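Every number for a ligand or one of its atoms is a count from 1 in the order of the listing. Values below: all heavy atoms of this structure, side chains included; hydrogens, waters and symmetry mates excluded. Heads up: numbering here begins at 1 and tracks the sequence. Nothing here was measured: the structure is a model prediction, and the numbers come from that model.
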Amino acid sequence: MSVNQHTHAGPPYGQPQPGYQGYQQPAYGGQPLPGVPHAQYGAYNGPMPGYQQPVPPQGYFPSLGFPSKGSPVSLNSDTSLAPNLIGSVRALPTSGAPPPASGTSLPSGHQGYSQFGQGDVQNGIPTSTAPMQRPPASQPFLPGSAPAPVSQPSTFQQYGPPPSSVQQLSNHMAGMTIGSTSISAPPPAGLGYGPPTSVPPVSGSFSATGSGLYTPYTASQGPPPPSVPQGLPLAQPPFSGQPVPTQRLPTEVPGFAPPPSSTGIGPSSYPPSTGAPRLPLMPGPPLSGQTVAGPPMSQPNHVSSPPPPSTLSGPHPGPPMSGLHGPPPPTHPPQPGYQMQQNGSFGQVRGPQPNYGGAYPGTPNYGSQPGPPPPKRLDPDSIPSPIQVIEDDRSNRGSEPFVTGVRGQVPPLVTTNFLVKDQGNASPRYIRCTSYNIPCTSDMAKQSQVPLAAVIKPLATLPPEETLPYLVDHGESGPVRCNRCKAYMCPFMQFIEGGRRFQCCFCSCVTEVPAHYFQHLDHTGKRVDFYDRPELSLGSYEFLATVDYCKNNKFPSPPAFIFMIDVSYNAVKSGLVRLICEELKSILDYLPREGNMEESAIRVGFVTYNKVLHFYNVKSSLAQPQMMVVSDVADMFVPLLDGFLVNVNESRTVIASLLDQIPEMFADTRETETVFGPVIQAGLEALKAAECAGKLFIFHTSLPIAEAPGKLKNRDDKKLINTDKEKTLFQPQTSFYNNLAKDCVAQGCCVDLFLFPNQYLDVATLGVVTYQTGGSIYKYAYFQLETDQDRFLNDLRRDVQKEVGFDAVMRVRTSTGIRATDFFGAFYMSNTTDVEMAGLDCDKTITVEFKHDDKLSEDSGALLQCALLYTSCAGQRRLRIHNLSLNCCTQLADLYRNCETDTLINYLAKYAYRGVLNSPVKAVRDSLINQCAQILACYRKNCASPSSAGQLILPECMKLLPVYLNCVLKSDVLQPGPEVTTDDRAYIRQLVTSMDVAETNVFFYPRLLPLTKADVDSDSLPAAIRNSEERLSKGDIYLLENGLNIFVWVGVNVQQGLIQNLFGVSSFSQISNTLSTLPVLENPFSKKVRSIIDMLHLQRSRYMKLIIVKQEDKLEMLFKHFLVEDKSLTGGASYVDFLCHMHKEIRQLLS
Ligand SMILES: [Zn+2]
């Protein structure tokens, strides 16, 4: 075969259609469906027969074209090495405790909500009655928990008229985990990603999503730190168990010391800020029956009111800031922004940040120590605090479900734990936007420079309390779509002419309603079956796809997993090969399954390789596995088909025998060289021959220098950093892998890569196929069994088990006036609209940017519809639809009031990280700074009240933009430290590209928790503190996590008793900084800390590496790198300095 051949020959999904090429309007009859597709899916149109296991692939036979080693070799020929263990017959994976309510009982409660502000949209979300309540969510994939398919529409009669909505609401509240989750108890299975750290995962145990995963802590944080006034009392009492937000103490009056002259920001006295009060927040989504007359004021900052005169500070050029911490002026109306004032006589004058510009590793001054004579500078307490913003949002919005029935509603922050009720718009777990109010014109959008983007996670896992999207089966006719733009039926389509036709909400085209879909309208113009149909009443749902949505007009076979293990010298010697083989024996019982299927439909195959490839025949009828060696790697083919991909249960004995034998067979290998390209080619060929999609799990250790296609050379050169050629470090060194990736995408072959390098192996090149096929990459540098095996095994278990769709194509449609113009993420695009992913798992996120192509109207707003066509793990072809309606504005102030900075940062980081491929890093950084300065200058110019040019006025919703942006600028990709390798940078770059908003949030601004402040008797987490060295006390122990690492920092003065309790040693000097886990000690402090760490692991999609850092130890440099508010050792600005710099930039733009 020719690997360079472009086999991706156009859209394989039928005839091109206007608007949605490749997906034909189907006409098909009755698709078989697994007994129950998803645990919560109620099929709408009848039960379906079980899915058929496909016939084993035909084609190759071992005797055909087997090149070098002749006939199959029985592995058992060396009997001394092959004990022929009968693979321990493992019980079928059992689910964790199944959720009590499995979806068969349908809650009857209803909740009303307001209209979209458009009285004329008849088929939008209802105004006062509620859609049917979905069955309580249970966890996906839990066998036994799936409801029987709801087979007839009449079933939905039981939804009936809405009973008391209050009851319903309280039920939901009772279901929330806030305040009731014990940290020391095992977390609810649905809360985190991944299996418990040391217990073999249970099938289907991954049911939580990344968003809002701070669950158990939210309510138990204790009273919020006393600094920000909540302008007005909450309209709703806080959720039970949640502390009532307290008034900030006026003692923390913000003040600004003059900045040091080195900041270049002129004179310097800051009058005290009158911290602008927050507006009363709408504490949550509207409740039943409540009418919201407009977009909820979820972001309290108003732009209409003048700043308090007393805050004006004259012509000072220094950085006035949004003073968050001042007591609220009692009568103040909402403020356009917080003003930071200059007046040296007010507020605290802080010393410089410790170690400012000082050379590491000097003895730092910790916060509690008196510093050197203080050059007066901006008081860090008076500038916007991420911790405070997070706390405020938790207090204000964590207690009520977020109901999606209102257009343009800004959701709670990703750091807030909240439940979502789908009432017509997609949950923020699926889609988050940079702004929920879009400028009506492109001129406005350009003026503001605020990027319009959506961060979409189509297969996001939901917490167990929420309901998975329903699966709708329209039978042979398939989903109802607009004739012109091919948008799918959704709550915003408007039925007219008595229900005989509908007008498209995206393109306005009128389409006949198919006879089978006809339904009468009620007196409000709404279809009477509104609540019976998810596609009319919900923001997210799925359609069963017909054969027209399938490649070659043929229903897909279930996918296959192929495990491909590097057995070169390093892999064997480190114990990795043995570890992987041992793990595979048990992990194969936890392959993804659908609904209540007894076993996974996924077939498995095994390959080992070094310079040559070894395929294994594990057919169930064999007494022993057979090995076939392919040494002609230049033209890769698969030497056997029958017996290569097998059902785990049928071939259990042979597989177990194989996995026992592999480590023995290669125990004495001296082969150090590896190939890589042929490995992927082999997997791809195997899937092609089996005519199925699938995933390759490749465990690889070294730069592939052996003679073969895709051979690489070591081209690492750190001298290129900060030169115009730096970008080449991020570019693949050959186009071979790009071409291979195309072939993989065409076949639905997703590649997950586990790397174990001891030196440079060119992640930028090896990662190409992983990246373009939607796969995941994991890296364990200098892998050591003792310290790294837990992390690797947890990652592997989760990766094998997680929900994944194959052969996926995503299209985002928009209403007239805007369109999707740019995409960021791990995927391949062969045209400008369709995002193709060989595999898409529940953690993968695609960021989409929109641009205007016409004017928008405030009345009609803007709509997005994300349609994802994919093959489920059982081989079922489906469409998942997410709809979101946004507001449109003619006033810039409305834009700034409805932005979400966390999402903005997600977009900006991905934009910048892509930029380094083509531009010098410095240019990328400058462009980021410039864009943000323009965003803030536009606000200042058009939205803020007139005030001194010396004031920095930040929009309330963007007051964290400077601090977060600075974190992006200082990140390893854009400003690497000396210890950061080229591979690290390429790796991080690839990870960030697929991150969701919660992940980028904690990645760029890590969470720092004072462990010694934790209350061992409560469930609560200690309140997080800001990421600065001056917040650390040498008498305390802290934990810092960023999604990839967990650091435990121990101060030099920590009490001996605490050290004993946590580490089991008697003194600071005896603490080992090579620990990869904390010792299990029977005392409250140890238990508490370990439970916190376990909880954090469950919240993240990857198992974090634990690193113990002793104060003043050499590892502390690594730790300080994550104290992102401080000046970094590599020259990254401190938060304070960066803020001053931003202010200067803004003033230049305004002058
Ligand atoms: Zn249309």
Side-chain angles (χ1 to χ4, degrees), residues 11 13-27 116 118 120-125 407 424-426 431 438 454 456 472 474 477-497 499-514 517-519 521 525-527 533-543 545-546 548-549 809-821 831-835 848 850-857 859-869 879-886 888:
Y13 305 103
Q15 299 171 289
Q17 298 278 346
Y20 202 57
Q21 294 184 350
Y23 301 111
Q24 189 176 17
Q25 181 80 2
F116 290 98
Q118 266 182 293
D120 56 345
V121 176
Q122 293 175 321
N123 283 295
I125 300 305
R407 186 176 84 187
N425 283 288
I431 306 182
I438 300 180
I456 307 176
V472 179
H474 283 318
S477 55
V480 178
R481 304 172 70 174
C482 167
N483 268 348
R484 185 198 287 159
C485 75
K486 298 296 169 192
Y488 295 85
M489 180 53 63
C490 73
F492 308 106
M493 297 289 188
Q494 191 171 346
F495 287 87
I496 55 178
E497 297 177 20
R500 288 188 300 277
R501 307 171 89 190
F502 69 92
Q503 183 166 28
C504 178
C505 50
F506 296 94
C507 73
S508 300
C509 175
V510 173
T511 300
E512 293 283 331
V513 172
Y517 198 68
F518 175 81
Q519 187 52 270
L521 309 183
K526 196 170 64 190
R527 281 174 62 119
R533 293 193 177 271
E535 75 275 19
L536 296 181
S537 52
L538 295 177
S540 300
Y541 43 88
E542 293 200 325
F543 289 115
T546 64
D548 300 295
Y549 294 85
V809 183
M810 188 184 94
R811 162 93 55 113
V812 179
R813 289 184 177 76
T814 49
S815 54
T816 311
I818 53 165
R819 62 194 167 87
T821 55
N831 58 40
T832 56
T833 51
D834 293 334
V835 175
V848 184
F850 301 93
K851 290 251 160 60
H852 287 77
D853 58 7
D854 204 346
K855 283 181 80 165
L856 298 168
S857 115
D859 282 346
S860 45
L863 292 175
L864 313 179
Q865 183 178 78
C866 164
L868 176 80
L869 176 63
L879 283 150
R880 179 170 289 200
I881 314 293
H882 298 298
N883 302 288
L884 187 64
S885 60
L886 302 170
C888 295

Q) Nearest heavy-atom pair of Gln503 and Ser508: which atoms, and what distance? A) NE2-O, 3.0 Å
Q.
Quick one, Ile881 with Glu535, criterion side-chain contact (heavy atoms from CB on, under 4.5 Å). Give me CA distance, side-chain angles, the key distance, then yes/no.
A. CA-CA 9 Å; Ile881 314 293; Glu535 75 275 19; over 6 Å; no
Q: Not counting sequence neighbours, which residues clear salt bridge (Lys or Arg N to Asp or Glu O under 4.0 Å) with Asp853? List them please.
A: Arg819
Q | Name of the residue among Leu886, Ile818, Thr816 meeting side chain to side chain contact (heavy atoms under 4.5 Å, CB included) with Leu856 | A | Ile818
**Q.** Residues that Phe506 engages under ring pair (Phe, Tyr, Trp, His ring centres under 6.0 Å), provided they are two or more places apart
**A.** none
Q.
Under the rule for ring pair (Phe, Tyr, Trp, His ring centres under 6.0 Å), what residues qualify as partners of Phe543, not counting sequence neighbours?
A. His474, Tyr541
Q.
Keeping to distances under 2.8 Å, can you name the protein N/O/S atoms close to the Zn ion (ligand 1)?
A. Cys482 SG, Cys485 SG, Cys504 SG, Cys507 SG
